[in-house]
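Each chain gets a letter, A, B and so on, in the order the sequences are listed, and its residues count up from 1. Owing to the predicted nature of the structure, the values given are computational and were not obtained by experimental measurement.
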Amino acid sequence: MTFFAPFTIPFIAGALFMFAAIFLKWLWWTVKLPKVDRRLILHNFFTRNTLVAVWEVVRESLLHIRIFRVNPLLGYMHMSLAFGWFLLIVVGWIETSVYLGWEMIPIQGHIFFKYFTQVNNIDAHSALLENLMDGLLLLVLSGVALAWFKRMASRAMGMRRATKHALYDRIALSALWFVFPARLVAESLTAAIYGGGGFLTGSLGSWLGGVVPTEMLALIYEPSWWFYSSVLGLFFVALPFSRYMHIFTEIPLIFLRRWQLRPTLERKSYDNFEVEACSRCGICIDPCQLQADLGIHDTQSVYYLRDRRYNMLSLKVANNCLMCGRCEAVCPVGINLTTLRINSRAMRRNIPHEGRYGYLTNIDRSSGVGKVGYFAGCMTSLLPAVQRSMMQIFNAVGEDVWYADKDGGVCCGRPLMLSGETDAARKMVAYNTDLFRRYEITTLVTSCPICLRSFRDNYRLDGIEVLHHSEYIERLITEGRLRVAAGAEVYSYHDPCELGRGLKIYDSPRRVIEAVGTLREAEHNRRDALCCGGSLANTVIDDGKQQRIARRMTAELEATGCDTIVTSCPLCQKSIARTATRPTLDIAEVIAQRIVS
Amino acid sequence: MRRASWQEYQKEIADNKYYYARSCIRQNFFPGSERAFLDILTNDLGVDIFDDPLHTSCTGIGYHSDVVPLETIMTVVARQFSLMAEAGYENFISSCITSFGIYNEVLATWEEFPETEERTRRYLREATGRELVKPRSIAHTSDIMFHHRHSIARRAKRRLVNLYTGESLRVVEHIGCHYAKIFPKSGIGGSEFPYVLAGMIEAWGGDVVDYPERRHCCGFGFRNYLVQANRGSSIANSHKKLESMAPYKPDFIVANCPGCAMFLDKWQYAISEMDGTTYGANGRGIPVLTYEEMAGLVLGYDPWELGMQFHQVDVEPLLDKLGVEYNPDAKYLGRDGKLIGRPRAVAVNGCGVELGLRR
Amino acid sequence: MAYRVVIVGGGAAGMQTALELKSRGIEPVIVERDIELGGKVRGWHKLFPTFVPASDVLFPLAQRVKAARVRCFYGQEVTDIASDGVTLRSGERIPADAVVMATGFTLFDAHRKQEYGYGLYDNVITSVDLERMMNGGGVTLADGTKPQRIAILHCVGSRDEKVGQRHCSKVCCITGVKQAIELREMFPDADIFNFYMDIRMFGPGYEELYREAQEKYNIHFVRGRISEAAETIDKRIQIKAEDTLTGRPLRMTIDMLVLLVGMSANYENEGIAQRAGLELAPNGYFKTVDNFLGAVSSNRRGIFYAGAVTGAKSLADTLAEASLTASAVDDYLKEVFNK
Amino acid sequence: MAILNFGYAISRPRAIDVDNNDLRKSNDIIAEMPELQACIGCGSCTASCTAAAITDFNFRKLHTAVRRGEYKGVYDELSKCMLCGKCRLVCPRGINTRGLVMLIKRKLGDF
């Protein structure tokens, strides 16, 4: 038996090229991993995590469960293409095995089996298998049809905008669109001339046999297989350089992630796995408020990752992001979008000279004595009512408090990190850490979620419990140390991005508010909460645009019919207060008003 | 001057009978100029001018350097005035711009704060037994020269014209800051466009150069120069002026202030030594004259009699343009006919010495 | 028989007052020193902050005055006024039942700020000269070339003790912004610098225009007053100022210096006031009874004011005030003569 | 010619010399963020500045100097900024001050 025909050459060449390219990429990325990451792999390799990863690969790389959750139709599209194709390969292999036994045949023998059955006169007429294969082909074709449809009308797919693609992707995408229709045509023609085929190719074949003259069928038979092989080959060649690389990148990514590898503020080889695992599904576009409120269409995570991957990332795209985390929250691949963005900002950082921030030495503006430290944060100093309320609360419970920055302190460093100046930020981190250590505090309360996030994520404050003031107040109430009077006031609460999606603190502020009044949730809340637009992470949009973002968010809060808007971030409060028509308070102010002495 | 507005700033200048107050700097650095002033007024114009050996420094430099208190300088000024009255004069003329500023300032202070005048009278009486008599008029000697400019023009032996080209000489005039910047009404033409020197230049056939930094200070500035640490600032001001006037290729600079004439002249040497820049033709400096020297040359005085050998920047190229006859060998001869010494040859100074050797 | 009111001055204030009086059945008589109506707005190019051509305001006004057949004396100067009439320089007397002073203001003479070299250097011009140039053949330097760098100096003859002008002329800031934008449109590649002490943008749309000038038209605003201007050898102008926001002196050479000249009180005000027993404000403008209900009344009954004769005013304010004046005159006539 | 040492040098003028300053960088910066021109010099940024509270950092002076083409030392001075963003919250003209700090540093700095 022969399993070679000239038309298979494009396929064979393409497939060989693709597997070589993928292998080299994986190898290169793995070799370049920093020592810490490699140690993590070794440490976690023989653990349950690996098994969990395998299961996750099945769920996410094949079935795309997470996309299903966002949008079933979109999920079906991804699943039909990925899982359908996978089954086509698997069932195709079973099919050949059924007819030929366990004989080893070349891979093109499996792929172009229909062709080679004729060449080798293999008697292959299992109706079950033929119908199964046709069913799978139909499944994949339905996915392709949906993909076409999505291009044409993305709104129907539950997305306001479809992804715009780079050139490499257009080649791969076009090839992919033709792969399965080409297969359908080739197999149907085979059925038309030689008979056989399942409900799809068989029926189409007998219809073609009826309407198309035999000579004509004979004339286009060979070219149809050439076409099928060629588009497959083309797709394979383009794949490693196109977004379809995600098919083969997501798998190692799932393992690496289960082995506890994470991106950091500095770029490293691991980032490649995350960046190339993006399928550019575009799910991240819709939640982006820059897109929804401002009509900015070039900076969303999908474009950012694309630009970064092809080394055409502009500083403006890197910087034009609120880092609210709304995209990260819905990303079906679970890419750490904000961290990646920060570290690509860091790549273009200034090289700080030795004397930079030399003025931080010998500065101590703290006051008071106590084991509990209060760090108001820079922004809070523009909201004296928040500080005063915190002092009232501290007084009410008789807490001895050390005030780190009552008279203005040193920034926590997160704003610098958000701008990519990581090394500069370390000077603030060192300064503040030293300050906290020197005063031997055991609890650190801050009313700024930005500071809180850096204290938890970027500081090493072992032995010091770091609390957001909402958590602290919640604890005081739960422990009975602080007594508050409930009232008839109706509040709506805005989740600050850094506090909510950033640190997963959703319940504490809600429980605190519910202790004194009624809480009504806005349309978008908790994980879906909107950003106030004032984010420090974005240095591109101007004041007017910030306000537009804030206004829409504020309108949602006001639509709850609340009396008062509550938030727990000074920056959010500033953004809301300038666009709101009703009072906007920090959670500390709400509580301070309700203290029962 | 294109501007006629100087006529809005006029002042009464007496025609005759002047009491002459000398300048400390000029007596030391331009003794020929003060001599020439007296000669021109007495011999050429036949005016009565009294050069009183009893009067002293006005102590203005000390005052502006914070070493002489106000009360002291007022008393010194009061003494000069009473000396004038004793000599039978009432038109006080000062050879120095600093002094001129001081006299005006003291008189204005007495006017505004009569108690200071009373106090000064008392001090003067107690210290010298003299009575203060205020002058009828105060003028700077350049005002006097301006006042008589047309008489001088009538007696002129030559005009400020380049003999080789027949064109008027381009003259940069520089007015001392204290001439009119303190009291615009005290100067002819006011503080923005003073006319006192421009009037002479125009009357005697020259062209006045109006350049962007014309109003800028020469940089002397008392403490700016007197304290060595500040001298860089002092020279920077002259530097700025010279840079600004250079494109106009002036034939000479004339100043009415002792310090200005001295610094615009001597800083040219310092600048050429410090960064090699010279501002005149042929790599030389721009000659800096006093208005008496200018008047003296117009009236046909001998340049060495006028004391022009005291200049840092050589004046010979200018003398040649004007067609002044002079004896090069007599330049450094003293009154007794013996050589008084020759300065080291440098870029701005050293006519008759090969230029090539210096650069 | 209708009451007769003599309006001294046929500028915007005078014309508007006349029209209002006429519509109230009172006979206005305008005495204008010039040979035609229009006052200071004549020859002006465009009005701030909307860039409406000045002629779009002036022509309709003059047309209406003509249509209303208001009696006008041209080329006649009023030397004395009283509540029962005015006396012309010719000695002729025009009797009236009330008199409105609408003689406006005098432009500050930029020659008085000698240090800026107006009249001495070719390319130092005033804001008024610039308007005339824009209205005429266009803006060029004296040699016909285009300016590459232009400075506009605010507060020339305003808020300046040195020339006895303590008051703010109110309209120059916005005029400076307007002219900067106009210059930018004429010379897109030129650098334009506005030197100011304070920017006073009190009217509707002014602040917005200021901001537009900064952001959209890239006009440089330097907080510092130019201290002196001098001509360079190539006939450009060297200016010196302090950039007070950096606390350092600043010097630069420019091709054109535009002096935003302020409004001065008329020189004649003093004599007229003295003889008529009217009070003058310290800055030489006529003083009104108060700033509120008596904002158009003099201390002499029967003598009223309209427009910039009582202080610097924009054209919009002047027109509004003129109507107020007419109403006050009407009330006065009813009160005095109908009793 | 030997340069003589008189114990002093000709002082550099303190004036901002707009004629000789290179305004290209300044023009670049303004073109990228025209809102910089909208500064009215109120000083709110400096008054609220976290860094200015503990050092002599003055953003208003620095960006004004940059607009006049005076770049010397500005990069190093701007490095004192902690980017905390208070200034942006207080600016009456809504200027994106943090963006400006980063832009000016980028234009004057080492990348």
So which atom in [X] and which in [Y] form the shortest heavy-atom distance, rounded to 0.1 Å?
X	Y	answer
Glu35(D)	Asn96(D)	OE2-N, 2.6 Å
Ile541(A)	Ile549(A)	CD1-CD1, 4.0 Å
Leu536(A)	Leu418(A)	CB-CD1, 4.1 Å
Lys86(D)	Cys378(A)	CD-O, 3.2 Å

Determine yes or no for a side-chain-to-main-chain donor-acceptor pair under 3.5 angstrom, with Lys107(D) supplying the side chain and Lys25(D) the backbone.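 Between the backbone of Lys25(D) and the side chain of Lys107(D) there is no qualifying donor-acceptor contact (under 3.5 Å).
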Using modelled atom types only, decide if a donor and an acceptor are shared between the side chain of Arg88(D) and the backbone of Gly99(D) within a distance under 3.5 Å.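 No, Arg88(D) side chain to Gly99(D) backbone: no donor-acceptor pair under 3.5 Å.
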With a 3.5 Å cut-off and no angle check, do the side chains of Asn320(A) and Asn538(A) form a donor-acceptor pair?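 Side-chain D/A pair, Asn320(A) to Asn538(A): present.
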Checking Ser447(A) against Tyr374(A): is there a side-chain donor and acceptor pair closer than 3.5 Å?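 On atom types as modelled, these side chains qualify, holding a pair under 3.5 Å.
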Centroid separation Phe436(A) to Phe455(A) less than 6.0 Å: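 For Phe436(A) and Phe455(A), the ring centres are under 6.0 Å apart.
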In terms of heavy-atom pairs under 4.5 Å, which option from Thr539(A), Asp542(A), Ile450(A) contacts chain D the most?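 Answer, by heavy-atom pair count under 4.5 Å with chain D: Thr539(A).
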Any residue of residues 37-47 of chain D which, by heavy atoms, sits under 4.5 Å from chain A: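 If one takes a 4.5 Å heavy-atom cut-off, no residue of residues 37-47 of chain D lies near chain A.
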In residues 50-64 of chain D, which residues are in contact with chain A at a heavy-atom separation under 4.5 Å?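 If one takes a 4.5 Å heavy-atom cut-off, the residues of residues 50-64 of chain D near chain A are Thr50(D), Ala51(D), Ala53(D), Ile54(D), Thr55(D).
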Classify the ring geometry between Tyr439(A) and Trp402(A) as parallel (under 30°), tilted (30 to 60°) or perpendicular (over 60°).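 Tyr439(A) and Trp402(A): parallel rings.
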Tell me, for Cys91(D) versus chain A, whether the close heavy atoms (under 4.5 Å) come from the side chain, the backbone, both or neither.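 The answer is neither part of Cys91(D).
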Interface moiety of [X] toward chain D, non-hydrogen atoms closer than 4.5 Å:
X	value
Ser575(A)	neither
Gln546(A)	side chain
Leu416(A)	both
Arg365(A)	side chain
Met428(A)	side chain

Do other residues, nucleotides or ligands put more than 12 heavy atoms under 6.0 Å from Arg24(D) CZ?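 No, because the 6.0 Å sphere around CZ of Arg24(D) holds 12 heavy atoms or fewer from other groups.
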Cys321(A) and Arg345(A), any side-chain heavy atoms less than 4.5 Å apart: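 When only atoms from C-beta onward are counted, Cys321(A) and Arg345(A) do touch, with a gap below 4.5 Å.
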Would you say that Pro570(A) contacts Val386(A) through its side chain, given a criterion of any heavy-atom pair below 4.5 Å between the two side chains?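 Contact flag for Pro570(A)/Val386(A) side chains = no.
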